[in-house]
S.K.: 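First the structure, which I've put down as structure tokens, then a few questions once you've had a look.
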Amino acid sequence: MSAPLVHFKEDAQRVAADLRHRGIIQTAMGKYEVVRDQRKLWFQDWQGARNLAARTKFEAVNHLDTHLGELAKNLEARGTKVHWASNAEQARNIILGILREKQAKVVVKSKAMTSEEIHLNDAMEKAGYEVVESDLGEYIVQLREEPPYHLVFPAMHLTRGEIKDIFQKKLNDAPSDDPEELTMVARRQLRKKYIQADVGITGANFAIAETGMISITENEGNARLTAALPKTMITLVGIEKVLPRYEDLALFLPMLAVMGTGQPLTCYNTMYGGPRQPGEADGPEEYHVVLLDNQRTLLLADAEQRDALGCIRCGACLNVCPIFRNVGGHTYGTVYGGPIGSVITPHLRGLQEWKHLSYASSLCGACTETCPVKIDLHHHLLQNRRNASAPTSGKPSFFQRLAFRMFAPVANNAALWDLTTRLGRVGQVMHRWIRGSAIDPAQAWTKTRELPPIAKQSFREWWEERKNISDQASSNGEISKN
Amino acid sequence: MSERENILTRIKEALSQEAHAHHGRGLPTVAEQRQVLPRVGATVDEQFALFAKNANDLRATFKLVGREAELATELKALSAAEQWQRVATHVGALTEVAVKLLGLPTLTTNEGYDKHELERCDVGISECDALIAQTGTVLVTSRSAGGRALSCLPPHHVVIARREQLVPDLPAAMALVKQKYADNFPSMISFITGPSRTGDIERILVLGAHGPKKLTIFCL
């Protein structure tokens with residue numbers, strides 16, 4: 001078993017049985033579902049909007065080279081320095097290079113999943129910089145030295161009590177466990193940091209090729225301040241974030257808000273097109289945009305699953321996923337969790353090591369149905385399963401082959417099948433005594449689940465019986481033949 | 001080869017295999033966008049009513065004020081209630097009127113400013129580029145609203161707009177930005193929809209996470 005699989009199994013087992021965790025997630029998701037559904041109805045035609053969004057992303061991703069070139073050209077024309085990074089190490093080195101050159105001490109960050117992806121905070125802290133996450137949820141998980149739990153709600157798994165405790169421990173400032181008071185603690189702490197910071201680092205939600213702009217969506221205003229006050233601003237953005245035209249935002253901004261948080265529009269949707277321009281009051285003297293590949297081109301090369309690059313990271317597929325809701329965000333062991341993470345992680349980090357995520361799904365299709373850009377998520381999970389077990393990856397394991405060798409003759413012989421079913425019924429009665437114990441052959445299943453009883457009557461038995469009854473009935477002329 | 005060329009080459013190679021367009025091709029037109037986006041009334045009155053409703057839902061304050069005298073009364077009431085000591089603003093026809101009415105120590109951001117001083121201001125008063133009826137949004141840019149921080153750092157953001165600045169929907173706002181600034185975009189364009197907020201603690205709404213706790217929009 002690969003190390004990520006071992007981690008997944010252990011955590012999944014622990015979290016799925018944790019009723020407290022389940023309660024927190026159900027409450028949070030319940031609130032989300034209500035507002036999301038209201039907002040979908042606010043659109044004149046939500047399904048139509050999904051189609052337009054899917055079409056826009058198809059054009060964006062399938063002409064990525066053209067749009068990316070245009071984006072870089074337009075950014076550079078207005079004084080932005082554009083950097084290209086093929087992998088995580090290059091991206092880290094580019095950013096560390098800028099920090100060195102600027103002789104920075106304090107770095108303030110707004111939420112960026114790409115920075116989690118390249119482990120940027122670790123690298124900056126090891127190099128001696130003070131790094132502060134400014135999004136409230138990110139700030140909380142940073143204090144707890146944890147990765148974010150969810151793409152949109154990083155601290156969703158925590159109660160106010162836990163947040164109070166960590167504020168008390170790390171900041172010595174926690175007047176109560178009231179969410180408003182706790183938020184004000186973070187507000188006070190972080191205001192100092194925006195002003196003090198030498199460099200601000202952000203992620204991006206969209207990159208507009210036509211006008212050369214980075215679009216950032218946020219509720220708190222932390223990204224606005226990160227982009228306004230430090231002298232140098234850096235945006236780390238995946239190459240797949242490109243939208244062709246400025247007006248595409250008219251569709252994507254409200255769709256992202258509806259699916260992400262159930263809002264009509266997120267509080268701040270801000271487009272940055274360069275450093276401070278002549279005649280402007282403020283803004284950074286330098287603006288750097290780092291375009292990150294990091295295996296995205298590998299996913300791009302898979303024409304079947306290319307649409308996964310259209311993801312706008314709204315988190316909607318996580319929210320509806322029965323697996324995510326039971327095993328939680330940390331169990332995945334990946335930056336991108338939930339269905340979309342299970343689809344793209346094997347591409348970004350290696351199919352064999354991460355193929356188990358393709359099975360972290362009930363294939364119910366709720367993710368595909370909710371996705372605002374219509375990524376065919378649950379079929380991609382199936383395709384990953386297929387690709388992972390392709391002939392090149394070797395034969396099935398010995399036990400699998402043995403099991404099927406034993407199953408085949410039984411399934412091929414009606415009498416034998418019948419006998420097995422009957423034996424199963426008897427066996428199940430006896431199974432009651434060893435259920436869940438160490439000698440229970442079905443232990444893996446019965447530890448946390450009910451084993452459904454084998455039906456008292458098999459289909460064939462039922463059919464025989466029914467045939468007899470209906471033969472009798474028709475000979476008595478009780479059922480008309482029509 | 002530079003990394004730029006490496007990446008662009010990899011993209012070209014990846015795209016050599018064509019993907020199936022399951023949901024159609026071609027970028028949507030604005031008319032297509034409008035068919036799916038939320039409905040907006042046709043008349044200006046309907047649009048103002050919609051903006052007011054949206055602002056209210058967002059916990060922003062929206063007031064139509066007839067004349068300057070009315071604006072003066074409103075501003076002075078706010079100032080007294082919140083005990084404003086210092087005001088931040090930018091050069092502009094509407095902001096100048098407002099600031100003169102208040103008669104408080106004023107920081108003007110246009111020529112650059114001290115960050116600590118701006119942080120000590122009780123209110124940021126700015127103009128805007130547009131009000132968007134569909135979503136209750138205020139559209140500002142670094143050029144129309146005194147830079148990037150004025151509308152975000154002080155705890156209260158007061159916007160002074162003119163009636164003609166109301167646009168019906170998001171596509172109209174996007175078109176306005178492109179038309180107004182096509183040859184020279186401001187370095188920041190921000191769609192502000194309500195006061196700063198967070199739901200990061202148990203998904204409970206708290207206003208004023210990092211940006212303004214209050215957003216007041218006066219429309220002359």
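Because the structure is predicted, anything quoted here is derived from the model rather than measured. Naming convention: chains lettered A, B, ... in sequence-line order (proteins, then strands); numbering from 1 in each chain. Both backbone and side-chain heavy atoms feed into the values below; hydrogens, waters and symmetry mates do not.
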S.K.: Mind ranking A:L291, A:I24, A:T159 by heavy-atom pairs under 4.5 Å with chain B and telling me who comes out on top?
M.R.: A:T159
S.K.: Using a distance-only test with no angle check, is there a side-chain donor-acceptor pair under 3.5 angstrom linking A:S86 and B:R10?
M.R.: yes
S.K.: Checking B:N184 against chain A: side chain, backbone, both or neither under 4.5 Å from a heavy atom?
M.R.: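 Both backbone and side chain of B:N184 come within 4.5 Å of chain A.
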S.K.: For chain A, which of B:P38, B:G112, B:P195, B:C152 has the most heavy-atom pairs under 4.5 Å?
M.R.: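 Answer, by heavy-atom pair count under 4.5 Å with chain A: B:P38.
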S.K.: Where do B:K115 and A:L229 come nearest, in terms of heavy atoms and distance?
M.R.: NZ-O, 3.1 Å
S.K.: Chain B: which of A:H157, A:Q90, A:Q305, A:H63 shares the most heavy-atom pairs with it under 4.5 Å?
M.R.: A:Q90
S.K.: Under the 3.5 angstrom rule, does the side chain of A:E180 hit a backbone N or O of B:L205 as a donor-acceptor pair?
M.R.: no
S.K.: Pick whichever of A:C267, A:A301, A:A303, A:G221 has the most heavy-atom pairs under 4.5 Å with chain B.
M.R.: A:C267
S.K.: If you count heavy-atom pairs under 4.5 Å between each of B:H22, B:E111, B:H20, B:E119 and chain A, which one has the most?
M.R.: B:E119
S.K.: Which of the residues A:L265, A:L41, A:L158 is involved in the greatest number of heavy-atom pairs with chain B at under 4.5 angstrom?
M.R.: A:L265
S.K.: For a 4.5 angstrom cut-off between non-hydrogen side-chain atoms, does A:E220 reach B:D200?
M.R.: yes
S.K.: Is it the backbone or the side chain of B:S151 that comes under 4.5 Å from a heavy atom of chain A, or both, or neither?
M.R.: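 For B:S151, heavy atoms of backbone and side chain both lie under 4.5 Å from chain A.
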S.K.: Could you tell me which of B:G211, B:A173, B:G146 has the largest number of non-hydrogen atom pairs under 4.5 Å with chain A?
M.R.: B:G211
S.K.: Tell me, with the steps shown, if B:L15 and A:L300 meet side chain to side chain contact (heavy atoms under 4.5 Å, CB included).
M.R.: CA-CA 7 Å; B:L15 290 176; A:L300 191 72; 4.0 Å; yes
S.K.: Would you say the side chains of A:Q277 and B:S187 form a donor-acceptor pair under 3.5 Å?
M.R.: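 A:Q277 vs B:S187: no donor-acceptor pair found between side chains.
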S.K.: Given the options B:S142, B:A182, B:G194, which has more heavy-atom pairs under 4.5 Å with chain A than any of the others?
M.R.: B:S142
S.K.: Return the minimal non-hydrogen interatomic distance between B:A19 and A:N62, and the atom names on each side.
M.R.: CB-OD1, 3.7 Å
S.K.: Determine whether A:R306 and B:E18 satisfy the following criterion, salt bridge (charged side-chain N to carboxylate O under 4.0 Å, His left out), listing intermediate values before the conclusion.
M.R.: CA-CA 10 Å; A:R306 187 177 291 160; B:E18 208 167 314; over 6 Å; no
S.K.: Quick check on the interface: out of A:G69, A:P284, A:S215, who has the most heavy-atom pairs with chain B under 4.5 Å?
M.R.: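 Result: the option with the highest number of such pairs is A:P284.
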S.K.: Name the option with the most non-hydrogen atom pairs under 4.5 Å to chain A; the candidates are B:H23, B:R34, B:H90, B:H116.
M.R.: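 Going by pairs under 4.5 Å, I would pick B:H23.
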S.K.: Any donor-acceptor pair under 3.5 Å linking the side-chain atoms of B:S196 with those of A:R224?
M.R.: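 No pair is found: no donor N or O on one side chain lies under 3.5 Å from an acceptor on the other.
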S.K.: State, to 0.1 Å, how close A:T261 and B:R203 come at their nearest heavy-atom pair, and which atoms those are.
M.R.: O-NH2, 3.9 Å
S.K.: Can you tell which part of A:I239 gets under 4.5 Å to a heavy atom of chain B, answering side chain, backbone, both or neither?
M.R.: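 Looking at A:I239, just its side chain touches chain B.
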S.K.: Which one wins on heavy-atom pair count under 4.5 Å against chain B: A:D45, A:D282, A:D65?
M.R.: A:D282
S.K.: Between the side chains of B:K178 and A:E210, is the shortest nitrogen-to-carboxylate-oxygen separation below 4.0 Å, so that they form an ion pair?
M.R.: yes
S.K.: Any idea which of B:L58, B:T109, B:V140, B:L153 has the most non-hydrogen atom pairs under 4.5 angstrom with chain A?
M.R.: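 Of the candidates given, the most pairs with chain A belong to B:L153.
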S.K.: Measuring heavy-atom distances to chain A, does B:Q35 have an atom under 4.5 Å in its side chain, in its backbone, in both, or in neither?
M.R.: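 Just its backbone gets close to chain A.
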S.K.: Salt bridge or not between A:E218 and B:R197? Use side-chain N to carboxylate O under 4.0 Å.
M.R.: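 No.
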S.K.: Applying side chain to side chain contact (heavy atoms under 4.5 Å, CB included), run through B:H210 and A:R191 and close with a yes or a no.
M.R.: CA-CA 8 Å; B:H210 298 285; A:R191 294 226 129 197; 5.6 Å; no
S.K.: Examine whether an atom of B:P212 lies under 4.5 Å from a heavy atom of chain A, and if so say whether it belongs to the side chain, the backbone or both; otherwise answer neither.
M.R.: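 Interface part for B:P212: both.
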S.K.: Would B:R25 and A:F58 count as a cation-pi pair here, with the cationic atom under 6.0 angstrom from the ring centre and within 45° of the axis?
M.R.: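 Not flagged: B:R25 not positioned over aromatic ring of A:F58.
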S.K.: Given 3.5 Å as the limit, does a donor-acceptor pair link the side chain of B:R148 with the main chain of A:A227, or not?
M.R.: yes
S.K.: Closest approach of A:P179 and B:I204, non-hydrogen atoms and distance?
M.R.: CG-CD1, 3.8 Å
S.K.: Counting only N and O atoms by type, is there a donor-acceptor contact under 3.5 Å from the side chain of A:R187 to the main-chain atoms of B:G208?
M.R.: yes
